[in-house]
Chemist: 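Supplied in structure tokens, the structure appears directly below.
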4 protein chains.
Amino acid sequence: MPKLGMEPIRRAALVKATIAQIGETGSLDVTVAQIAKRAGMSSALAHHYFGGKEQIFLAAMRHTMTVYGAEVRGALLMAPDPESRLQAIIRAGFGPANFRPEVIAAWLNFYVLARTNKDAARLLSIYHARLRSNLLFNLRPLVGPRAREAAERLAGLIDGLYLREGLSADARDGKSAVALVLQSLDLELAGQGAT
Amino acid sequence: MPKLGMEPIRRAALVKATIAQIGETGSLDVTVAQIAKRAGMSSALAHHYFGGKEQIFLAAMRHTMTVYGAEVRGALLMAPDPESRLQAIIRAGFGPANFRPEVIAAWLNFYVLARTNKDAARLLSIYHARLRSNLLFNLRPLVGPRAREAAERLAGLIDGLYLREGLSADARDGKSAVALVLQSLDLELAGQGAT
Amino acid sequence: MPKLGMEPIRRAALVKATIAQIGETGSLDVTVAQIAKRAGMSSALAHHYFGGKEQIFLAAMRHTMTVYGAEVRGALLMAPDPESRLQAIIRAGFGPANFRPEVIAAWLNFYVLARTNKDAARLLSIYHARLRSNLLFNLRPLVGPRAREAAERLAGLIDGLYLREGLSADARDGKSAVALVLQSLDLELAGQGAT
Amino acid sequence: MPKLGMEPIRRAALVKATIAQIGETGSLDVTVAQIAKRAGMSSALAHHYFGGKEQIFLAAMRHTMTVYGAEVRGALLMAPDPESRLQAIIRAGFGPANFRPEVIAAWLNFYVLARTNKDAARLLSIYHARLRSNLLFNLRPLVGPRAREAAERLAGLIDGLYLREGLSADARDGKSAVALVLQSLDLELAGQGAT
DNA sequence: AATGAATGAGGATTCATTCAT
DNA sequence: GATGAATGAATCCTCATTCAT
């Protein structure tokens with residue numbers, strides 16, 4: 001029962017299925033057939049719409065980052081001052097949309113893909129840069145010249161805990177990770193005069 | 001000309017070749033044939049010694065962790081007090097033996113493998129536990145009850161920067177990462193009275 | 001905006017596109033989608049009009065032969081005597097309409113297709129017969145009983161040089177080929193008394 | 001039951017099977033699986049030994065030309081004078097080893113492949129050059145300055161009749177083709193003084 | 001101990017063809 | 001009349017793994 005205007009629907013379904021399948025398989029060894037089946041179509045159609053496996057992955061990567069970016073932006077809008085904006089940034093990464101097993105697996109996937117694929121590498125570096133700059137912008141008024149290093153540290157801590165907790169056997173809900181990073185933020189802000 | 005006692009030599013060669021190949025390929029898609037060729041033997045022999053591809057990977061993983069563990073232990077021996085021991089732990093992860101492209105790629109590999117393979121997961125959790133406990137043990141006398149969380153934060157920061165810097169396009173030498181973590185350590189220690 | 005009476009236009013466009021595509025690809029591996037796109041329509045429509053890929057090929061074959069046949073007939077009309085008619089036949093095959101890379105590739109295509117497809121084989125044998133009979137009819141008054149063999153030879157030489165020169169890397173314009181065949185014709189005519 | 005030194009045997013079997021399969025199918029659409037099955041092995045092994053489908057085709061092409069070349073050389077050795085050498089060259093192409101349906105189909109295959117594949121094109125041009133030079137060398141002492149064109153004509157006639165008769169529905173044995181070319185040779189030699 | 005030989009299973013990709021709109 | 005949607009079937013190729021020697 002072919003309908004018109006299916007393309008965006010199919011693409012979205014494939015992207016969603018890709019992330020789900022990576023989450024379920026727990027590794028990169030997902031086949032186009034698996035993804036397509038999960039998205040309710042033939043693998044041929046998946047190729048028709050995306051051109052190839054890597055492009056499907058890239059689309060999933062883009063989607064994941066878009067979701068993350070939207071979450072961050074949304075949270076930033078409602079935060080009145082730098083400190084609460086920093087907290088919002090920290091919370092966004094561990095929110096329910098981003099800190100789910102499938103999404104975590106997808107991120108890991110992308111880290112790997114970024115080592116081989118130029119587009120993936122570019123996408124990942126965009127994420128890196130954006131997180132860094134978001135932190136930096138809001139740290140500057142609070143810690144002045146130490147902002148750059150503080151941003152680097154907070155970014156590293158966010159990514160590190162995301163992986164450490166996300167990949168650990170007992171899946172947590174991200175709350176403890178958020179708490180840890182927030183304390184680090186406190187330390188950075190308090191350490192202002194000390195160093 | 002088959003010789004006696006070749007087994008350990010062959011196994012070591014395969015482990016080394018595995019890490020090198022993962023580093024060169026930049027991804028997990030390395031074949032047994034590639035590894036075996038690099039190690040100077042037939043793929044059949046690789047199977048003969050290890051039984052299968054996953055076991056070769058696991059052996060490489062074990063080796064990587066052993067090297068890391070030895071580096072940490074060695075550094076700890078020469079450090080007289082808790083603070084210098086903490087610094088030694090931090091430095092070990094970014095030392096020349098561990099912070100090389102191949103080894104970084106191997107670690108990423110292991111993260112992924114750990115999502116599928118029980119043994120790999122166990123191995124990885126051992127690493128996690130060991131790093132946490134090493135930090136904890138030396139933080140306790142310095143920050144008392146806050147040691148647990150400080151250890152978690154430092155561990156997360158180490159892993160996060162390892163990935164962030166290790167996977168970034170412009171390969172650094174680890175020095176800046178070490179400096180960042182050391183500063184975090186200072187903050188944790190200075191933050192003692194504050195919180 | 002579908003119009004009435006589009007069928008002949010669409011069919012002609014597809015035939016033309018088929019030959020062009022075979023010429024461009026340089027091989028038989030042209031897809032219906034390529035042809036249809038080149039003809040400015042969907043592949044579904046191409047099927048609608050022709051029924052299938054082979055029939056598209058056959059139509060292109062028929063067209064090629066029709067063009068060739070028309071060229072020969074036209075040339076024959078203007079030739080007053082047997083000898084000049086023979087020369088006209090020879091020239092026709094290497095004229096600008098037939099001796100172009102695309103058309104040569106199409107012919108080769110048809111040779112191959114004729115091994116599998118009955119209709120193609122019939123079509124090809126019609127070409128063979130027509131060339132032979134055209135030559136024979138005009139040779140008979142000139143060389144008498146030797147006409148049959150002379151016709152066979154001239155036909156073989158035409159086809160052979162068409163392939164040899166047409167497929168050679170350095171595309172020629174067919175003039176040298178024509179000259180060679182014309183000399184052969186002279187030899188056949190001169191050899192009259194000799195044998 | 002794996003044995004040692006199978007490679008040359010396997011390769012030869014695949015080459016033979018390729019030609020046979022092309023002959024049977026009558027077209028280029030032969031699959032590696034078909035070839036491999038006919039040669040008594042898995043398609044994987046065929047890939048292992050040749051690397052890919054095109055290389056299998058090329059090997060078959062090379063073999064076909066080698067056989068042809070050997071036939072020509074052998075015939076030349078036993079011919080005492082230029083004229084009989086020319087006759088030997090003509091006969092070789094239509095001998096039982098070369099003028100069989102499979103081999104003819106293979107040649108047609110090569111013509112097509114040569115339009116796409118560099119190596120095939122080179123191989124084909126070697127054949128062209130060799131035939132031309134063989135004819136030329138032996139025509140020179142007989143027809144002097146007209147040798148070049150005579151060689152071109154005879155080469156064209158050989159190829160043309162090979163295709164025309166080889167591809168015609170009623171498979172002939174090549175005798176009539178040889179007779180036709182030999183008469184052309186006579187005409188060329190007799191035409192000496194005439195033109 | 002060591003390897004060339006061999007394959008089965010699977011995976012990405014392509015394509016002619018069909019169908020509802 | 002025309003097309004986007006959709007797929008089954010096929011094809012090339014890869015690879016881990018096994019086995020006889």
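Bear in mind that the values here come from a model prediction, so they are computed numbers and not experimental data. First the proteins, then the strands, lettered A, B, ... as listed; each starts at 1.
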Chemist: I'd like to check the side chain to side chain donor-acceptor pair (under 3.5 Å) partners of C:Arg115; sequence neighbours left out, ordered by chain and number.
Modeler: none

Chemist: Using the test ring-ring contact (aromatic ring centres under 6.0 Å, His included), find all partners of B:Tyr127 that sit at least two apart in sequence or belong to another chain.
Modeler: B:Tyr68, B:Trp107

Chemist: For DNA chain E, please output the secondary structure as dot-bracket, reading 5' to 3'. Pairs are Watson-Crick or G-U wobble, both atom distances under 3.5 Å; mark crossing pairs with [ ], other-strand partners with |, unpaired with a dot.
Modeler: .||||||||||||||||||||

Chemist: Taking side-chain contact (heavy atoms from CB on, under 4.5 Å) as the test, write out the residues that go with B:Ile104, two or more places apart.
Modeler: B:Phe99, B:Tyr162, B:Leu167

Chemist: Within the structure, does a side-chain N or O atom of A:Arg10 lie under 4.0 Å from either OP1 or OP2 of F:dG4?
Modeler: no

Chemist: C:His48 near the nucleic acid: base, sugar-phosphate alone, or nothing, with a heavy-atom cut-off under 4.0 Å?
Modeler: sugar-phosphate

Chemist: Rounded to the Å, how far apart are B:Ile9 CD1 and E:dA1 C1'?
Modeler: 12 Å

Chemist: Counting the atoms with a prime plus P, OP1 and OP2 as sugar-phosphate, which does A:Tyr49 contact under 4.0 Å by heavy atoms, base, sugar-phosphate, or nothing?
Modeler: sugar-phosphate

Chemist: Between P on F:dT11 and NZ on D:Lys37, what's the gap in Å once rounded to a whole number?
Modeler: 13 Å

Chemist: Could you tell me how far apart D:Phe57 (CZ) and F:dC13 (C1') are, to the nearest whole angstrom?
Modeler: 15 Å

Chemist: Check side chain to side chain donor-acceptor pair (under 3.5 Å) between C:Arg62 and all other residues, then give those that pass, not counting sequence neighbours.
Modeler: none

Chemist: Do A:His63 and A:Ile19 have side chains that get closer than 4.5 Å, going by heavy atoms?
Modeler: yes

Chemist: Could you pull out all residues at least two apart from D:Ala17 that satisfy side-chain contact (heavy atoms from CB on, under 4.5 Å)?
Modeler: D:Ile35, D:Arg38, D:Ala39

Chemist: Who passes side chain to side chain donor-acceptor pair (under 3.5 Å) against C:Thr25, sequence neighbours left out?
Modeler: C:Gln21

Chemist: Taking side chain to side chain donor-acceptor pair (under 3.5 Å) as the definition, give me every residue that meets it alongside D:Gln55, ordered by chain and number, with sequence neighbours left out.
Modeler: none

Chemist: With heavy-atom distances below 4.5 Å as the criterion, would you say the side chains of B:Lys53 and B:Thr31 are in contact?
Modeler: no

Chemist: Counting only heavy atoms and a strict 4.0 angstrom limit, can you tell me which residues of residues 12-26 of chain D come near DNA chain E?
Modeler: none

Chemist: Mark up nucleotides 8-13 of chain E, 5' to 3', with B wherever a protein heavy atom is under 4.0 angstrom from a base atom, S wherever such an atom reaches only the sugar-phosphate, and - elsewhere.
Modeler: B--SSB

Chemist: Please state how far atom CZ in A:Arg11 lies from atom C1' in F:dA5, giving the value in whole angstrom units.
Modeler: 15 Å

Chemist: Nearest heavy atom decides the nucleotide; on that basis, is D:Asp29 or C:Gly40 closer to the 5' end of DNA chain F?
Modeler: C:Gly40

Chemist: Mind checking whether C:Asn109 and C:Met61 have side chains closer than 4.5 Å, heavy atoms only?
Modeler: no

Chemist: Of all residues at least two apart in sequence or in a different chain, which pass the side-chain contact (heavy atoms from CB on, under 4.5 Å) check with B:Ser42?
Modeler: B:Ala44, B:Leu45

Chemist: What is the distance, to the nearest angstrom, from the CD atom on C:Glu7 to the C1' atom on F:dG1?
Modeler: 10 Å

Chemist: Expressed in angstrom and rounded to an integer, what is the separation of D:Phe50 atom CZ from F:dC12 atom C1'?
Modeler: 16 Å

Chemist: Could you check how far CE of B:Met41 sits from P of F:dT17, rounded to whole Å?
Modeler: 16 Å

Chemist: Going by the rule salt bridge (Lys or Arg N to Asp or Glu O under 4.0 Å), which residues pair with A:Asp119 if we only count those two or more places apart in sequence or in a different chain?
Modeler: A:Arg122

Chemist: How many whole angstroms separate atom CD1 of C:Ile56 from atom P of E:dC15?
Modeler: 14 Å

